[in-house]
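Below is one structure, written out as structure tokens, with a few remarks after it.
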Amino acid sequence: MRVETDSNVNHSNLEVEPTQTLEDGAIKHVPVKKKPSCCTGLKVFLFALSFSYLCKTLSGTVMKSSITQIERRFDIPSSVAGLIDGSFEMGNLLVIAFVSYFGAKFHRPKIIALGCCIMSAGSILTAMPHFFMGYYKYETASHAVLSVNSTSSLSPCSVDQNVTGVSETLSEQSDSDCVKAAASYMWIYVLLGNLLRGVGESPITPLGISYLDDFAKEEDAPFYIACLHTVAMIGPIIGYLLGSLGASLYVDIGFVDLGSITITPKDSRWVGAWWLGFIVSGIINLIAAIPFCFLPKSLKKQEEEDDDNISSDLSKIKGDQSRHHESENHQPVKWSVISKGKCFFIALKRVFSNRIYVTFLCCSLLQFSSFIGFLTYKPKYMEQQYGQSASKSNFVTGELTGLPAVSIGIFLGGLIMKKYKMGMIGATKFGFGMSLMAFLISLSYFFVGCENHVVAGLTVSYDGKPVARHETSLFSVCNSDCKCAMNQWDPVCGDNGLTYISACLAGCKASTGHGKNKVYHNCTCMEITDSQSGNASVVLGQCPKSDDCSRKFIYYTVLQVIIRLGIMETYYCDLHLSIFRCVHPELKSLAVGLFTLIMRALAGIPAPIYFGALIDRTCLKWGSRSCGRRGACRIYDSDAYRYTYLSLVTGFRLPSYFFAFLFYTMVKKQYQAKDPKSTENGGQESVPMNKEANSKSNEYLSSSSDAERESRI
């Protein structure tokens, strides 16, 4: 075959038209395309999808970091806050099956754009109650005093004073608050907004991954999916930073005089600007929808573009095939054919008849339930156990024990697997071994906790001696003459290191200063423990925890980093290999869908609720709101909180290793039967993984990673 170069150059769309002599002597011009642009439609889609991944992980992290603030702002218990957190999974489950199946029949980029818009609307709806509820009013005795006489300061302990005016005023305020009691149910809009965000998130992963898989080269698809997850990891960084920033700002910043605020970010009544992160995430989710609106329904397969450079005849054939494929896609959807599900139940039975799959499913369900509950209330645990502010707790969760540990864990996991060329058995052994080691290290959490806050009348008596919980009493001889409210929480710290529930219960007779600088004097209850005579005084706020507690917080943080390394290596090395080498290739998509469905329905939704309900049982002092109803918890029994919270986490993880051992035994037996030499080289199995299984593995990586990250970061 002889090739001659023609001098004709078409500057419109071709660089050179070489001539090719065919067998019959005819001369054929073979078009040579220009180099592909660096900004092809597929790369634009990859960029847009990566940004949408970042947005959805950011939105989920903002919710996780705002749980404590929402609980205080709406005066709800932790169980209701857990219900709000789990509403995202509810919304996702409502439409995920419909979107995954029918969405591929339509314009996938535009459906993803619609999903981003719905996520934006959900985030904005979540923040809306802040703008309709009025200013935040926390519990304090100062409001009542100032409402009676703003020019004089009444004694906290109303001895020999006419408190009738105060009582009447408080009664009038209580009646006024009861009229506005409907505002206390505004948390329902937060729940609906989070549910709506779950609905909007549902098409991003299944339709986005399928679009990439359809129009990308087979060897490029894993790289593109890795890019998605890499960019998605940036979302939690920004989300926790937003949560930390919002928690450090007062909820009504810009609308109230901050000089009149008497509480600090470490106070259990403090509510930060929780709404700020939702406004930001709503805006960027709306921006993420824009590029998808301009992308086509289908692209040309990358292999077809490469083949065009070899032969125009082959290009023409492939073009005809592509047009035929597009014409099939544009045919009306036959809903009667789609709705036929007779074979579905047969496939479902085959999946659940697979003992290896079911065993792995049980193990993962226990592990995920533990992980979800732990991560949801982790910032709150640091606040109550170590006396940290919500802002610092969010920062530590996201920036210190979050991304750095995750990144290093993924890198080390992949490096070890590559170096030792681990197959199914080796990866399973390594993954569960790392998880077991992380679990054993996590047991040390029980020993790095802090003691209870020393609160007179709650955890100790007024002379500073520890007493049983059922033997405590808010009143003592030192404050028996004071007219104090029992349901009020306005703590003060004495020079003796004791925290008193209020200045009134401390028996204080006078006060000086204003705002956060107010100091109460002549406190009779301090004389019980104070050997020195003189003017015993207290300041606003709880007494800080000891230096020993600060050191334990450092130990806790270091342990968190080490444990996250092990957990993330387990996830990377084991999770994406386990299902796809034990399920028949035709059933892999169904196995993935069932796995995601069960994880969301049985772990993502209920775990935050029952974790929160059991945490509520450790509350020592509940706040009060209008009409005398119970508000959010102000202080917990630190020991009971620690043992309840960590025992739940341990109780789920411990039996999961029984299923993990069964899983490893069954996998090893199966692969030894296929290849007896598979265990002679450290688990380097020679059983190949077919192309379909490989592509489905990529699909699962996106699905399960998204399910875990959205519900648990």
Ring centroid separation Phe395 to Tyr240 under 6.0 Å: no

Polar side-chain atom of Tyr636 near backbone of Arg617 as donor-acceptor pair, under 3.5 Å: no

Verdict with reasoning, Trp489 to Tyr138, per ring-ring contact (aromatic ring centres under 6.0 Å, His included): CA-CA 9 Å; Trp489 176 259; Tyr138 53 89; over 10 Å; no

Parallel, tilted or perpendicular: ring planes of Phe446 versus Tyr643, cut at 30 and 60 degrees: parallel

Polar side-chain atom of Ser624 near backbone of Asn487 as donor-acceptor pair, under 3.5 Å: yes

Crowding at CZ, Phe255 (>12 non-hydrogen neighbours, <6.0 Å): no

Test side chain to side chain contact (heavy atoms under 4.5 Å, CB included) applied to Thr68 - qualifying residues, sequence neighbours left out: Arg72, Lys380, Glu383

For Val477, all residues meeting side chain to side chain contact (heavy atoms under 4.5 Å, CB included), sequence neighbours excluded: none

More than 12 heavy atoms of other groups within 6.0 Å of Tyr610 OH: yes

Ring centers of Phe652, Phe371 separated by less than 6.0 Å: no

Pair Tyr386 and Tyr556, ring centroids less than 6.0 Å apart: yes

Side-chain (Asp616) to main-chain (Ser78) donor-acceptor, under 3.5 angstrom: yes

Polar side-chain atom of Trp187 near backbone of Ala81 as donor-acceptor pair, under 3.5 Å: no

